[in-house]
Amino acid sequence: MKKTAEIKPEDAAKELIEAYPVKVGRKRAKQIIINEVGLEEQVPEVMANVRTIPGIITMRGCSYAGCKGVVLGPTRDILQITHGPIGCGFYSWLTRRNQTRPAGMKDPNYMPYAMSTDMQEEQIIFGGEKKLKKAIEEAIDIFHPKAIGIFSTCPVGLIGDDVHAVARDMEEKHPGINIFGFSCEGYKGVSQSAGHHVANNKVFTDVVGLIDTPKQGKYKVNILGEYNIGGDAFEIERIFEKAGITLHSTFSGNSVYEEFASAHTADLNVVMCHRSINYLAEMMEKKYGIPWFKVNFVGAEATAKSLRKIAEYYGDKELKDNVEKVIEEELGEVEAARKDAASRCAGKTAILFVGGSRAHHYQELFRELGMKTIAAGYEFAHRDDYEGRKVIPSIRVDADSRNIEELKVTQDPERYRDRLTEEDRKRLGDEFKFKNYEGMMPDMDKNTLVIDDLNHHEMEVLIEKYRPDIFCAGVKEKYVVQKYGIPLKQLHSYDYGGPYAGFKGAVNFYHDIDEMLSTKVWSLVKAPWDDSPQLTARYACE
Ligand code: CFM
């Protein structure tokens, strides 16, 4: 077998599409890119956020998953009702490992429940609004929530139930309870990315801005796009507290309704997952004047850099000193763990395919271990997540994206407040980037492969060609990859591990990866299909 360095990426790119009919291959070729240039230079264009070709087994999810599961799911006290057949509710129930920490026994936490209207044939034929109203009544009777979100599944759009009208009616009947619906039918858009946008819009119009009381404390920051998978947000909370930064709200890991409703009173929005929440950052800036910039708390160096940027934004000596102290204190343990793990991991290779931002963020941690990412891609990100936000004006808006409402946002006459004075702007200068995301590609080495919307067939080609030391993806990929004798780390759920964000998270990650790479068990695995393929095309056709 060839060593990774000897494999020509153009050969791999060709092999990936070899089995396809010509037209399919032509389309896929635009989503399979060789990262030709390094940092600061122009990166090649990648086709992204387009429909998956029918017949291809994609790794993507649906719009409902992006809205209900991803953006709103980690909020514990917005009662969430899935309007649809029970399967959609059941399969979106506690599968994402987003954790939460209620303040006490009396603090409402609806996350352990799966609430669904359990739509049946009768509702499909005669409409489901009545049953939805009944479900809302029942939920109010039992739980007395302050807010209820209704999430539409595919049949809701097909039969024309108006969840927004139901929400309005029920709100009138129950003043004081904020009830809002999401048109996040699974088929909207080409992936879960559309659901993120739907969720951002509704949270912005119906929740943010309702409570004008700010949180007490200095340096009030909202973190956007951190969902507390495996306890990541807990670790970031710990670091913020230690540094003296007031975390106003997290959208939406370990969050509560009131924090969303008063988020417009904060000084700054920092964006962790650009893909899922850049819309909200943009809209909050326009309406309330809150500036935003991109941060990354995955990787010890990246965490330190992000903290320094927050301190730089405020320009306050006390905060800067605090941040430096925290970094110094934390990096000692991190460095020792890194060195130890790197002594065994350095030089090994990783391939990463995750949703819309982790395939980029986790390259940091592998780099810290001295490992090389040879191929990476997102399931559903857009061109800006690959190439950087500078390409946004040139992104072609197709019918699928046009399906999702683009809100017209204007300045709030009372609440808009410029957070930065002229002096601040001068102090920060042009090098201090706001509204920034450079994307994944400029950060990757030359001649690495960047693949959008990878599918199972291509995953197998990649494995056979590169035999990476570790493959990072999700549960749908995990067992196939392991049967090839290659360890797979789930970067959606972290398997059973985490947190991986922040300083303590980095230590956990080094340890877990080291363990996975060091075990000899993988060399003993023999793919079952090598000896006895259960199903071949010949059998299937006979
Ligand atoms: Fe953002 Fe996420 Fe991701 Fe995402 Fe997701 Fe996720 Fe993800 Mo799974 S919000 S884009 S829709 S970082 S659930 S916490 S891991 S695909 S890379």
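As a basis for the values below, the full set of heavy atoms in this structure was taken, side chains included, without hydrogen atoms, waters or symmetry mates. As the structure lists them, so they are numbered: ligands from 1, and atoms in each ligand from 1.
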Would you give me the side-chain donor-acceptor pairs under 3.5 Å for residues 223-236, sequence neighbours excluded?
from: Glu226; atom 1: OE2; to: Asn228; atom 2: N; distance (Å): 2.6
from: Glu226; atom 1: OE2; to: Ala233; atom 2: N; distance (Å): 3.4
from: Tyr227; atom 1: OH; to: Ser276; atom 2: OG; distance (Å): 2.7
from: Asn228; atom 1: OD1; to: Asp232; atom 2: N; distance (Å): 3.2
from: Asn228; atom 1: OD1; to: Ala233; atom 2: N; distance (Å): 2.8
from: Asn228; atom 1: OD1; to: Phe234; atom 2: N; distance (Å): 3.4
from: Asn228; atom 1: ND2; to: Gln99; atom 2: O; distance (Å): 2.7
from: Asp232; atom 1: OD1; to: Tyr500; atom 2: N; distance (Å): 2.8
from: Asp232; atom 1: OD1; to: Ala501; atom 2: N; distance (Å): 3.0
from: Asp232; atom 1: OD2; to: Tyr494; atom 2: OH; distance (Å): 2.4
from: Glu235; atom 1: OE1; to: Arg238; atom 2: NE; distance (Å): 2.8
from: Glu235; atom 1: OE1; to: Arg238; atom 2: NH2; distance (Å): 3.4
from: Glu235; atom 1: OE2; to: Arg238; atom 2: NH2; distance (Å): 3.0
from: Glu235; atom 1: OE2; to: Phe503; atom 2: N; distance (Å): 3.1
from: Glu235; atom 1: OE2; to: Lys504; atom 2: N; distance (Å): 2.9

Note to self: Looking only at protein heavy atoms, which one is nearest to atom 13 (S) of ligand 1, and what is the separation?
What the structure shows: Arg96 NE, 3.0 Å
Next item on the list: Report the relative orientation of the aromatic rings in Phe180 and Phe182; use parallel for angles under 30°, tilted for 30 to 60°, perpendicular for over 60°.
Entry: perpendicular
Checklist line | Atom of Asn269, atom of Ala281 and distance for their closest heavy-atom approach | finding: ND2-CA, 4.5 Å
Check: Taking the six-membered ring of Phe432, is NZ or CZ of Lys309 closer than 6.0 Å to its centre and within 45° of its axis?
Finding: yes
Next item on the list: Considering the heavy atoms of Ser357, write down every atom of ligand 1 situated less than 4.0 Å from one of them.
Entry: 1 (Fe), 3 (Fe), 10 (S), 12 (S), 17 (S)
Next item on the list: Number the atoms of ligand 1 from 1 as they appear, then name those within less than 4.0 Å of a heavy atom of Val70, with their elements.
Entry: 9 (S), 11 (S), 13 (S)
Item checked: Per-atom contacts of ligand 1 with Val354, taking only distances under 4.0 Å to non-hydrogen atoms -> 17 (S)
Next item on the list: For ligand 1, note which part of Val71 has a heavy atom under 4.0 Å away: side chain, backbone, both or neither.
Entry: neither
Checklist line | Parallel, tilted or perpendicular: ring planes of Trp292 versus His274, cut at 30 and 60 degrees | finding: tilted
Next item on the list: Please say which of Tyr64, Tyr279, Phe380, Phe251 ends up in a ring-ring contact (aromatic ring centres under 6.0 Å, His included) with His196.
Entry: Phe380
Checklist line | Contact atoms of ligand 1, heavy-atom distance to Arg358 under 4.0 Å | finding: 12 (S), 14 (S), 15 (S), 17 (S)
Check: Which ligand 1 atoms does Ser276 reach within 4.0 Å, using its non-hydrogen atoms?
Finding: 1 (Fe), 9 (S)
Item checked: Contact atoms of ligand 1, heavy-atom distance to His196 under 4.0 Å -> 11 (S)
Next item on the list: Please state whether the rings of Phe509 and Tyr362 are parallel, tilted or perpendicular, taking 30° and 60° as the class boundaries.
Entry: tilted
Item checked: Heavy atom of the protein closest to atom 1 (Fe) of ligand 1 (residue, atom name, distance) -> Cys273 SG, 2.2 Å
Note to self: Side chain, backbone, both or neither: which applies to Tyr378 and ligand 1 if a contact is any heavy-atom pair less than 4.0 Å apart?
What the structure shows: neither
Next item on the list: Please report which non-hydrogen protein atom sits nearest to atom 4 (Fe) of ligand 1, along with the residue it belongs to and the distance in Å to one decimal place.
Entry: Phe380 CZ, 3.9 Å
Next item on the list: Mark the output for Gly225 as yes if a heavy-atom distance to ligand 1 is under 4.0 Å, and as no if none is.
Entry: no
Notebook entry, point to check: For ligand 1, does Met272 get within less than 4.0 Å through its side chain, its backbone, both, or neither, judged by non-hydrogen atoms?
Noted result: neither
Notebook entry, point to check: Going by atom types only, do Arg60 and Ser191 share a side-chain donor-acceptor pair under 3.5 Å?
Noted result: no
